[in-house]
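Chain identifiers are assigned alphabetically (A, B, ...) following the order of the sequence lines, protein sequences preceding nucleic acid strands; residue numbering begins at 1 within each chain. Heavy atoms only: backbone and side chains are in, while hydrogens, waters and symmetry mates are out.
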2 protein chains.
Amino acid sequence: MLSHDELALLEAIRDSGSLSRAAARLGKAPSTISHAARQLEGRFDALLFDRRRYRLQLTPAGQLLTQEATRLILDVARLSQRVKQVASGWEDRLHIVTDEILEFEILLPVVRAFDALGSGVNLRITHEVLGGTWEALREGRADLVVGATNEPPVMPHLRWFELGAMEWVFAVSPRHPLAKIAEPLQQNEVIRHRAVVVADSSRNVGRAYGVLGGQPTLAVPSMRAKVLAQRDGLGVGWLPRRRVATLLKSGQLVEKRMADPREPNVLYVAWRSDQEGRALAWWLEQFRQPRLAKRLIQGLDMHDHTE
Amino acid sequence: MLSHDELALLEAIRDSGSLSRAAARLGKAPSTISHAARQLEGRFDALLFDRRRYRLQLTPAGQLLTQEATRLILDVARLSQRVKQVASGWEDRLHIVTDEILEFEILLPVVRAFDALGSGVNLRITHEVLGGTWEALREGRADLVVGATNEPPVMPHLRWFELGAMEWVFAVSPRHPLAKIAEPLQQNEVIRHRAVVVADSSRNVGRAYGVLGGQPTLAVPSMRAKVLAQRDGLGVGWLPRRRVATLLKSGQLVEKRMADPREPNVLYVAWRSDQEGRALAWWLEQFRQPRLAKRLIQGLDMHDHTE
DNA sequence: ACAACATGTTCGGCCTCTTCGAACGAGTGC
DNA sequence: GCACTCGTTCGAAGAGGCCGAACATGTTGT
């Protein structure tokens with residue numbers, strides 16, 4: 001419908017401003033070019049060339065066609081590249097969804113290593129909170145989820161392995177009223193104080209983990225924000241133990257033993273076994289390495305950057 | 001590089017799930033289809049068909065190609081349409097730039113009439129303030145300007161005619177200090193009070209018409225906003241007489257005679273004589289009709305909508 | 001003004017690529 | 001097992017692209 005040769009013809013005519021020169025540039029006979037030009041006009045049922053003057057020129061319609069055809073040919077070239085890529089086993093794009101409690105910084109060197117492969121795969125990394133990761137996998141918004149919490153739900157073609165377990169600590173600011181209550185803390189003491197929860201802006205405004213019914217809440221956009229909020233005494237709640245180790249040691253947060261403690265949380269890596277490409281396999285291989293898994297589970301210990 | 005026939009082939013294979021049926025649907029011999037399919041694979045240097053099972057299937061690469069090719073073919077079809085349109089004299093798109101003092105509402109029925117022609121021309125109507133209209137024409141951002149003020153500048157291929165003259169009135173809120181000053185007002189009395197000016201957010205933050213040097217200003221986004229601001233006593237300045245007739249009559253604005261009055265302003269319709277298309281000609285014909293010109297010049301008389 | 005040159009078109013013939021039909025091997029279903 | 005479908009290979013026929021020759025028209029140089 002619009003071959004590469006035809007575009008080359010149009011461009012040659014536009015640039016050289018003559019059929020003969022275009023023919024010379026393309027290494028063809030002038031008669032061939034003349035014939036092809038007329039055929040092109042017939043196909044589009046439009047006057048593409050202004051033959052009134054000595055050397056013919058592109059009409060506005062011809063200019064439009066040339067300009068847009070250039071864009072189209074670029075599109076086709078890119079498409080060709082993508083097709084080759086998929087044929088060689090690399091996905092066209094890979095959508096990785098992590099739970100929000102995993103920190104993106106730890107994935108950065110892995111992304112850099114992936115880029116170094118030169119696969120051409122379009123990487124898309126987003127995060128979800130709570131059950132959002134499983135939903136993303138189920139609904140096809142994700143090809144691979146990392147750090148999904150709770151038990152894997154039933155889902156066709158689902159495969160997974162455990163990334164590790166995350167330990168939690170109930171901690172409050174030393175200036176918070178709960179800091180002075182005798183341990184272990186009972187539910188009826190905690191429920192009177194506001195809980196800080198991580199909430200997604202778009203989906204899943206519903207349930208939150210470790211929050212008691214009827215308890216007032218402060219929703220913040222990330223686990224990092226939650227740590228900061230609790231350090232400043234804006235509310236209480238469970239925090240990843242390894243990420244607040246320094247804050248606990250320096251006394252900016254105080255651990256409070258609870259009457260019913262929170263069990264360590266198992267985090268999963270999961271994907272769909274249909275359409276396993278090379279990029280997916282590569283990432284799974286990375287997450288199976290204990291060193292990366294451990295760093296993801298531990299997270300970044302938060303120092304105080306405000307002083 | 002990717003013809004319409006080849007797309008039809010891919011789609012037929014995807015939908016029928018077999019070469020023979022695809023051949024039957026396309027009205028060709030099965031051998032032809034087989035040959036074409038292999039050739040396509042050779043051109044893209046990729047396995048597009050999975051021949052391991054009895055009936056062949058599209059590989060992921062083949063699926064990607066089919067899907068994207070569909071989009072490409074649509075693009076080409078649209079392009080073909082646009083080329084035909086341009087060849088038949090209609091522009092691909094027409095960019096009309098009006099001065100801000102003209103009200104868009106008055107153009108609405110004309111736009112509707114233009115749509116009724118079914119030309120397919122993409123209309124783009126924006127507005128500029130002060131000299132912005134001439135600049136837009138000079139820089140190719142506009143194909144047609146309406147309501148341009150001041151004398152037409154020198155510009156190659158420029159053509160224009162007069163739309164009409166707009167009368168101005170210096171008016172203030174009855175609660176404004178200037179309302180009680182004896183007429184005619186002198187410059188040194190006006191300069192002490194803030195002027196309301198219409199300013200563009202992006203370009204041309206510079207000069208404004210009828211503002212004295214050293215006078216404080218309040219810049220608002222439109223002539224409509226300027227009228228409202230002056231009615232509420234936020235500042236003073238010149239207003240189109242016909243648009244504030246009702247406000248003057250009801251006493252919400254008070255006319256003040258000036259020591260040096262503002263002459264009526266001639267508004268122009270202008271365009272470039274190179275590349276005159278049918279859409280441009282149609283719009284020029286509309287603006288040459290005295291009835292539309294008069295309505296544009298007069299604008300919409302502003303009633304009080306706040307009570 | 002005239003010659004030399006450049007440009008675009010038409011026409012007949014050559015050649016490549018597409019298309020077809022026939023034949024064959026392989027897989028499927030009753 | 002038999003009838004059927006499916007995909008492939010191969011040679012022949014046909015269509016379309018391409019070339020060179022010839023020609024009409026327009027431009028440039030002297």
Collect all protein-nucleotide pairs involving nucleotides 14-16 of chain C in which both atoms are nitrogen or oxygen and the distance is under 3.5 Å.
none

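- Applying the side chain to side chain donor-acceptor pair (under 3.5 Å) rule to pairs touching residues 279-294 of chain B yields nothing, sequence neighbours excluded.
- Of all heavy-atom pairs spanning B/Leu58 and B/Arg14, the tightest one is CD1-CB, 3.4 Å.
- Residues from residues 27-41 of chain A placing a heavy atom under 4.0 Å of any atom in DNA chain D, listed by number, are A/Gly27, A/Lys28, A/Ala29, A/Ser31, A/Thr32, A/Gln39.
- Shown here for B/Ile73 and B/His4, the closest heavy-atom pair between the two residues is CG2-CD2, 3.6 Å.
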Trace of the side-chain contact (heavy atoms from CB on, under 4.5 Å) decision for A/Ile13 with A/Leu56: CA-CA 9 Å; A/Ile13 292 175; A/Leu56 57 65; 3.9 Å; yes

side-chain contact (heavy atoms from CB on, under 4.5 Å) between B/Leu267 and B/Asp99, intermediate numbers included: CA-CA 9 Å; B/Leu267 300 187; B/Asp99 193 291; over 6 Å; no

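- Partners of A/Ala69 under the side-chain contact (heavy atoms from CB on, under 4.5 Å) rule, at least two apart in sequence or in another chain, are A/Leu2, A/Leu7.
- The rotation axes computed at either terminus of the helix from C/dA1-D/dT30 to C/dC30-D/dG1 lie 30° apart, taking five pairs at each end and rounding to 10 degrees.
- Of the residues in residues 10-24 of chain B, those placing a heavy atom less than 4.0 Å from an atom of DNA chain D are B/Ser18, B/Leu19, B/Ser20, B/Arg21, in numerical order.
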Candidate pair B/Leu296 and B/Thr98, rule side-chain contact (heavy atoms from CB on, under 4.5 Å), full reasoning: CA-CA 11 Å; B/Leu296 279 168; B/Thr98 72; over 6 Å; no

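- By the side-chain contact (heavy atoms from CB on, under 4.5 Å) test, B/Ala270 is found to be paired with B/Trp134, B/Leu137, B/Val145, B/Leu158, B/Trp160, residues two or more places apart in sequence or in another chain being considered.
- At whole-Å resolution of the value, CG in B/Leu26 and P in C/dC20 are 10 Å apart.
- Remark: A/Arg112 does not engage A/Asp115 in a salt bridge, criterion side-chain N to carboxylate O under 4.0 Å.
- Applying the side-chain contact (heavy atoms from CB on, under 4.5 Å) criterion to A/Thr59, with sequence neighbours excluded, gives A/Asp50, A/Ala61.
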Intermediate values then yes/no, side-chain contact (heavy atoms from CB on, under 4.5 Å), B/Val97 and B/Arg141: CA-CA 8 Å; B/Val97 171; B/Arg141 281 185 287 117; 5.8 Å; no

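- Chain A approaches DNA chain D within less than 4.0 angstrom (heavy atoms of the protein), and the contacting nucleotides run 5' to 3' from D/dG17 to D/dT27.
- Other residues, nucleotides and ligands contribute more than 12 heavy atoms inside 6.0 Å of the CZ atom of A/Arg78.
- Heavy-atom contacts from other residues, nucleotides or ligands closer than 6.0 Å to CZ of A/Arg51 number more than 12.
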What pairs of nitrogen or oxygen atoms, one from the protein and one from nucleotides 24-30 of chain C, lie under 3.5 Å apart?
none

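- Between A/Asp143 and A/Trp271, the closest side-chain pair of non-hydrogen atoms is not below 4.5 Å.
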I'd like a table of donor-acceptor pairs (distance under 3.5 Å, sequence neighbours excluded) in which one partner is a side-chain atom from residues 79-86 of chain A, with atom names and distances.
residue, atom, partner, partner atom, Å
A/Arg82, NE, A/Asp92, OD1, 3.0
A/Arg82, NE, A/Asp92, OD2, 3.4
A/Arg82, NH1, B/Glu68, OE1, 3.3
A/Arg82, NH2, A/Asp92, OD2, 2.8
A/Gln85, NE2, A/Glu91, O, 2.9
A/Gln85, NE2, A/Gly120, O, 3.2

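- B/Glu41 places a side-chain N or O within donor-acceptor distance of the main-chain N or O of B/Phe49, the cut-off being under 3.5 Å.
- Applying the side-chain contact (heavy atoms from CB on, under 4.5 Å) rule to B/Ala12 yields the partners B/Ala22, B/Arg25, B/Leu26; only residues at least two apart in sequence or on another chain are considered.
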